[in-house]
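One structure below.
Each chain gets a letter, A, B and so on, in the order the sequences are listed, and its residues count up from 1. Quick caveat: nothing in here was measured; it's all calculated off a predicted structure.
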There are 2 protein chains.
Amino acid sequence: MPASLRSREEAVAHLLAVFQAHGYDGASLAQLSKATGLGKSSLYHHFPGGKADMARAVLARVNRWMVETAIEPLKGPGKPARRLARMLETLDAFYAGGRKCCVLGNLVVGGGRALVQAELKAVFDLWIGALADLAAEAGVPRAQARERAEDAVAMIEGALILAGGRGDPAPFRRALRRIPEHLLARD
Amino acid sequence: MPASLRSREEAVAHLLAVFQAHGYDGASLAQLSKATGLGKSSLYHHFPGGKADMARAVLARVNRWMVETAIEPLKGPGKPARRLARMLETLDAFYAGGRKCCVLGNLVVGGGRALVQAELKAVFDLWIGALADLAAEAGVPRAQARERAEDAVAMIEGALILAGGRGDPAPFRRALRRIPEHLLARD
DNA sequence: GTCTATAATAGGATAGAC
DNA sequence: GTCTATCCTATTATAGAC
C-alpha cells in the first residue's frame with residue numbers, strides 16, 4: 001500500500017474520532033486539523049469539499065468497516081449463534097464497551113443529517129437485513145426475523161444513548177448479552 | 001399567569017423546536033431569533049447567558065414535561081397496564097409517531113453535552129425508576145423490573161434513532177406496542 | 001422589553017510560497 | 001503535500017436608543 005493511502009486512512013481515523021465526539025456542527029476545522037496533525041490547507045488538499053467531504057469520508061469508512069467486520073461475518077460458515085457472538089464482540093470493542101458515543105447517531109444531528117441520510121439508511125438496512133437473514137437461518141419465521149432484527153439494532157443504538165446519557169456503560173453490555181436470545185429464540 | 005411568563009413559555013417552545021431539529025451546535029442565534037419572533041437583544045434579555053441559557057431552559061421544560069406527563073401518571077390510580085398505556089400514548093403524540101427527532105438525543109451532542117449531562121442523567125434515572133416501580137407493582141421481581149425498565153427506555157430511544165435514520169416511523173410505533181408485554185410480563 | 005447598529009471573534013475556505 | 005498568511009462570512013454577544 002502506498003504511503004499516501006496509508007496516511008489518508010490514518011487521517012480519516014482521526015477525523016472519525018472528532019466527529020464521533022463532537023458531531024458534525026460541533027467539529028471545527030481547527031479541531032480536525034489538530035487531530036490529524038495536518039494544517040487546514042493540507043486537509044483541503046485531501047478533502048477538496050471541506051468539512052462535508054471529511055464527514056462523507058468518515059461515513060464511507062464506517063460503512064466499509066460495518067460491512068467487513070460486522071455484516072460479512074454474519075454470513076460466514078459456522079453456527080448462527082457463534083457468528084452473531086463474533087459480531088457482538090466486534091461491536092463491543094468498537095464502542096469500547098459502551099464508553100464511546102454512537103458515531104452514526106452523532107453524525108446525523110444538525111448539518112450532518114442532509115449529508116448522510118441516504119448512506120445512513122443504507123447501513124441500517126444492510127445491518128438489519130443481515131441480522132434478519134441470520135435469524136431466519138436459525139429457524140425464525142421471516143416476518144418475525146425482520147422485526148427481531150430491527151429490535152436488535154434499536155436496542156444497540158438505544159443502549160448506546162442510555163449509556164452515554166447516564167455515563168454508565170452497563171446498559172450497553174447488557175444489551176449485547178440479551179440480543180442472542182431475543183434474535184434467535186424459536187419461542 | 002402574567003403575560004410575561006406566558007410569552008416566555010411560548011418562546012421556550014419555539015426554542016425547543018429549533019434545538020430538536022438542529023442540535024445545540026447547529027442552532028444559530030439567527031434561527032432562534034426568527035423562530036421566537038424576538039430580536040437577538042430580546043433573547044439576551046430573557047436568557048442573559050445566551051445560547052447555553054436557552055438550551056438549559058429548553059431542557060428544564062423537557063424535564064418538567066417528562067415528569068408531569070410521562071412519569072407522574074405512572075404513579076396514579078388504576079391498573080398498571082392502563083397507566084403504562086397512557087404514558088406510551090403521550091410519548092407517541094410528543095414524538096409525532098416517530099417522525100420527530102429525540103430532543104434529548106439531539107441536544108446532548110457536541111457542545112450541548114457538557115451543559116446537560118447532569119440533568120440528562122436525572123431524567124433517565126427518574127424515568128427508569130418510575131417504570132421499574134410500575135413493573136414491580138405488577139408483580140415483576142425487583143432486579144428484573146429494573147433491567148426491563150432500562151430495556152424499555154433503551155428501546156424507545158433506539159427506535160427513535162432508527163426511525164430518524166431510515167426516515168420510517170414504523171420502528172418507533174412498534175417499539176411502543178411491544179413495551180407493555182416486555183415490561184409487565186410475569187414470564 | 002424590544003429594537004437597530006455594531007463590535008469582536010471564530011469558522012470555513014483559499015492563495016501562493018516552498 | 002504541507003505550510004503561513006489571509007479573506008470572507010456567519011456567529012455570538014453587547015451598546016444604547018426608544
Output side-chain donor-acceptor pairs under 3.5 Å for residues 81-89 of chain A, partner residues at least two apart or in another chain, one line each.
unit_1	atom_1	unit_2	atom_2	d
A/R83	NE	A/G76	O	3.1
A/R83	NE	A/G78	O	3.0
A/R83	NH1	A/L74	O	2.9
A/R83	NH1	A/G76	O	3.2
A/R83	NH1	A/E137	OE1	3.3
A/R83	NH2	A/G78	O	2.8
A/R83	NH2	A/E137	OE2	2.7

Expressed as a whole number of angstroms, how long is the span from [X]:[atom1] to [N]:[atom2]?
| X | N | atom1 | atom2 | answer |
| --- | --- | --- | --- | --- |
| A/M54 | C/dG11 | CE | C1' | 12 Å |
| A/L38 | D/dT4 | CG | C1' | 15 Å |
| B/L43 | C/dG1 | CG | P | 14 Å |
| A/R8 | D/dG1 | CZ | P | 11 Å |
| B/H45 | C/dT2 | NE2 | P | 7 Å |
| B/F47 | C/dG1 | CZ | C1' | 13 Å |

task: Applying side chain to side chain contact (heavy atoms under 4.5 Å, CB included), name anything that partners B/N63, two or more places apart in sequence or on another chain.
output: B/L59, B/E119, B/V123
query: Considering residues at least two apart in sequence or located in another chain, which fulfil the side chain to side chain contact (heavy atoms under 4.5 Å, CB included) criterion with B/D25?
result: A/D25
query: Dot-bracket for DNA chain C, 5' to 3', counting Watson-Crick or G-U wobble pairs under 3.5 Å, with [ ] for crossing pairs and | for inter-strand pairs?
result: ||||||||||.|||||||
Which pairs count as ring-ring contact (aromatic ring centres under 6.0 Å, His included) when at least one residue sits in [range], sequence neighbours excluded?
| range | result |
| --- | --- |
| residues 60-85 of chain B | B/W65-B/F94 |
| residues 157-176 of chain A | none |
| residues 105-128 of chain B | none |

ring-ring contact (aromatic ring centres under 6.0 Å, His included) involving B/H45 - partner list, sequence neighbours excluded: none
task: Evaluate the ring planes of B/H182 and A/H182, with Trp represented by its six-membered ring, and classify them as parallel (under 30°), tilted (30 to 60°) or perpendicular (over 60°).
output: perpendicular
query: Within the side chain of A/K79, is there an N or O that forms a donor-acceptor pair under 3.5 Å with the backbone of A/A138?
result: no
Could you list the donor-acceptor pairs under 3.5 angstrom formed between side-chain atoms of residues 154-168 of chain B and any protein atom two or more places apart in sequence or on another chain?
unit_1	atom_1	unit_2	atom_2	d
B/R166	NE	A/D125	OD1	2.7
B/R166	NH2	A/D125	OD1	3.3
B/D168	OD1	B/A170	N	3.0

So which protein N/O to nucleotides 7-10 of chain C N/O distances come out below 3.5 Å?
none

message: Connecting only ILVMFWY residues whose side-chain heavy atoms lie within less than 4.5 Å of each other, what is the rest of B/V140's hydrophobic cluster?
response: none
- prompt: What is the per-nucleotide protein-contact pattern of nucleotides 12-18 of chain C, from the 5' end, where B denotes a base atom under 4.0 Å from a protein heavy atom, S denotes such proximity for sugar-phosphate atoms only, and - denotes neither?
  reply: BBBB---
